[in-house]
Protein chains: 2
Amino acid sequence: MLENFFGQVLKKLREERGISQENLGHNSGLDRTYISLLERGLRVPTIVTLFKLAKVLDKKPSEIISLLENLNENSD
Amino acid sequence: MLENFFGQVLKKLREERGISQENLGHNSGLDRTYISLLERGLRVPTIVTLFKLAKVLDKKPSEIISLLENLNENSD
DNA sequence: ATGTGACTCTAAGTCCGTC
DNA sequence: GGACGGACTTAGAGTCACA
């Protein structure tokens with residue numbers, strides 16, 4: 001369920017920044033609808049995409065992965 | 001050059017564990033030739049693949065990403 | 001401002017092999 | 001044991017129209 005966890009984390013971080021999917025998409029060079037796919041767990045990003053998103057969210061990529069680890073531990 | 005950095009890190013961690021590409025591939029459920037592609041910087045993994053590799057390498061996925069960040073900072 | 005379906009295109013990942 | 005190639009299948013990257 002890593003896709004879903006990533007989606008949850010992404011949405012949470014985005015909302016913490018108070019920006020829209022549209023804004024995040026634009027500033028990371030990704031399509032708005034693609035952000036939507038990620039947040040709904042319908043896509044799993046490559047690490048390149050992870051780095052792009054992290055930059056706009058003002059987080060280290062490793063911090064985002066770390067959040068994922070926490071969710072992932074309590075589930076398999 | 002994120003692909004190249006990931007390849008370097010992967011190779012380093014694998015050799016530290018003293019296992020072959022074949023072994024890493026088998027234990028992570030990935031193809032041996034794909035491990036080779038990753039190490040040579042010809043492919044970039046998804047985060048799902050990252051988690052699979054990290055497990056066999058006995059590292060946290062975030063630790064691996066962290067190593068990447070260090071390499072990446074001094075280059076763009 | 002977002003969800004969703006229906007795409008196309010490219011890259012992830014596999015499987016065969018040779019050197 | 002690993003580099004490298006070809007041919008392949010699957011899934012991510014990226015876009016658009018519409019609700």
Side-chain angles (χ1 to χ4, degrees), chain A residues 1-59 61-62 64-65 67-69 71-72 75-76, chain B residues 1-59 61-62 64-65 67-69 71-72 75-76:
Chain A
M1 297 250 130
L2 202 53
E3 323 86 54
N4 295 307
F5 293 146
F6 183 81
Q8 289 171 31
V9 167
L10 179 60
K11 182 169 188 174
K12 179 170 167 292
L13 293 177
R14 177 177 63 79
E15 291 180 340
E16 280 176 9
R17 298 289 296 174
I19 61 176
S20 65
Q21 290 181 353
E22 205 157 11
N23 194 302
L24 174 56
H26 183 260
N27 287 314
S28 58
L30 297 166
D31 197 88
R32 179 215 116 213
T33 62
Y34 178 59
I35 304 294
S36 175
L37 289 169
L38 286 174
E39 288 192 357
R40 285 179 287 142
L42 298 175
R43 286 287 191 289
V44 171
T46 62
I47 61 173
V48 169
T49 302
L50 168 69
F51 271 67
K52 288 181 189 169
L53 292 168
K55 194 163 191 172
V56 179
L57 294 169
D58 203 28
K59 291 279 176 188
S62 58
I64 298 178
I65 296 295
L67 293 171
L68 274 181
E69 285 164 3
L71 290 173
N72 211 45
S75 72
D76 58 15
Chain B
M1 300 247 128
L2 204 53
E3 325 84 53
N4 294 307
F5 294 146
F6 183 82
Q8 289 171 31
V9 168
L10 179 61
K11 182 169 187 173
K12 179 170 167 292
L13 293 177
R14 179 179 62 79
E15 292 179 340
E16 281 175 9
R17 298 291 295 173
I19 61 177
S20 65
Q21 291 182 350
E22 205 158 8
N23 193 301
L24 174 56
H26 184 260
N27 288 314
S28 59
L30 296 165
D31 198 86
R32 127 191 105 74
T33 63
Y34 180 57
I35 304 295
S36 175
L37 288 169
L38 285 174
E39 288 191 357
R40 284 181 285 143
L42 298 175
R43 288 288 190 286
V44 172
T46 63
I47 61 174
V48 168
T49 301
L50 169 68
F51 272 68
K52 288 181 189 169
L53 292 169
K55 194 163 191 173
V56 178
L57 295 170
D58 202 29
K59 290 280 176 187
S62 59
I64 298 178
I65 296 295
L67 293 171
L68 274 181
E69 285 164 5
L71 290 173
N72 210 45
S75 74
D76 60 14

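First the proteins, then the strands, lettered A, B, ... as listed; each starts at 1.
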Q. How many angstroms lie between atom CG of A:L10 and atom CG of A:L38, to the nearest 0.5 angstrom?
A.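 Spacing of CG (A:L10) from CG (A:L38) equals 6.0 Å.
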Q. Is the backbone N or O of A:I19 less than 3.5 Å from a side-chain atom of A:R14, with the two atoms forming a donor-acceptor pair by type?
A.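 Side chain of A:R14 to backbone of A:I19: a pair is present.
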Q) Does B:N23 offer a backbone N or O that forms a donor-acceptor pair with the side chain of B:N27 under 3.5 Å? A)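 Flag set: sc B:N27 to bb B:N23 pair under 3.5 Å.
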(Q) So, OP1 or OP2 of C:dT2: does either fall under 4.0 Å of a side-chain N or O from A:S36? (A)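 Negative; the distance criterion is not met.
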(Q) Quick test of your reading of the model: are A:E3 and A:R40 salt-bridged, counting only N-O distances below 4.0 Å? (A)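 A salt bridge is absent here (no side-chain N lies under 4.0 Å from a carboxylate O).
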In whole angstrom, give the distance that lies between atom [atom1] of [X] and atom [atom2] of [N].
X	N	atom1	atom2	answer
B:E3	C:dA12	CD	C1'	13 Å
B:L10	C:dA12	CG	C1'	15 Å
A:E39	C:dT4	CD	P	12 Å
B:L24	D:dG2	CG	C1'	13 Å
A:I47	D:dG12	CD1	P	15 Å
B:R40	C:dA12	CZ	C1'	15 Å
A:H26	C:dT2	NE2	P	15 Å
A:L42	C:dG5	CG	C1'	11 Å

Q.
With a 3.5 Å limit on both atom pairs, tell me what D:dG1 is paired to, counting Watson-Crick and G-U wobble, or say none.
A.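 Across all strands, not a single nucleotide pairs with D:dG1.
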(Q) Please identify which of these residues, B:K12, B:Q21, B:Q8, meets the side-chain hydrogen bond (donor to acceptor under 3.5 Å, both in side chains) condition with B:E39. (A)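 Exactly one option meets the side-chain hydrogen bond (donor to acceptor under 3.5 Å, both in side chains) with B:E39, and it is B:Q21.
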Q) Do A:T33 and A:S36 have a side chain donor and acceptor closer than 3.5 Å? A)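 There is no such pair (donor and acceptor under 3.5 Å, judged by atom type) between the side chains of A:T33 and A:S36.
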Q: Heavy atoms under 4.0 Å is the rule here; annotate nucleotides 14-19 of chain D 5' to 3' with B where the base is hit, S where only the sugar-phosphate is, and - elsewhere.
A: BBBB--
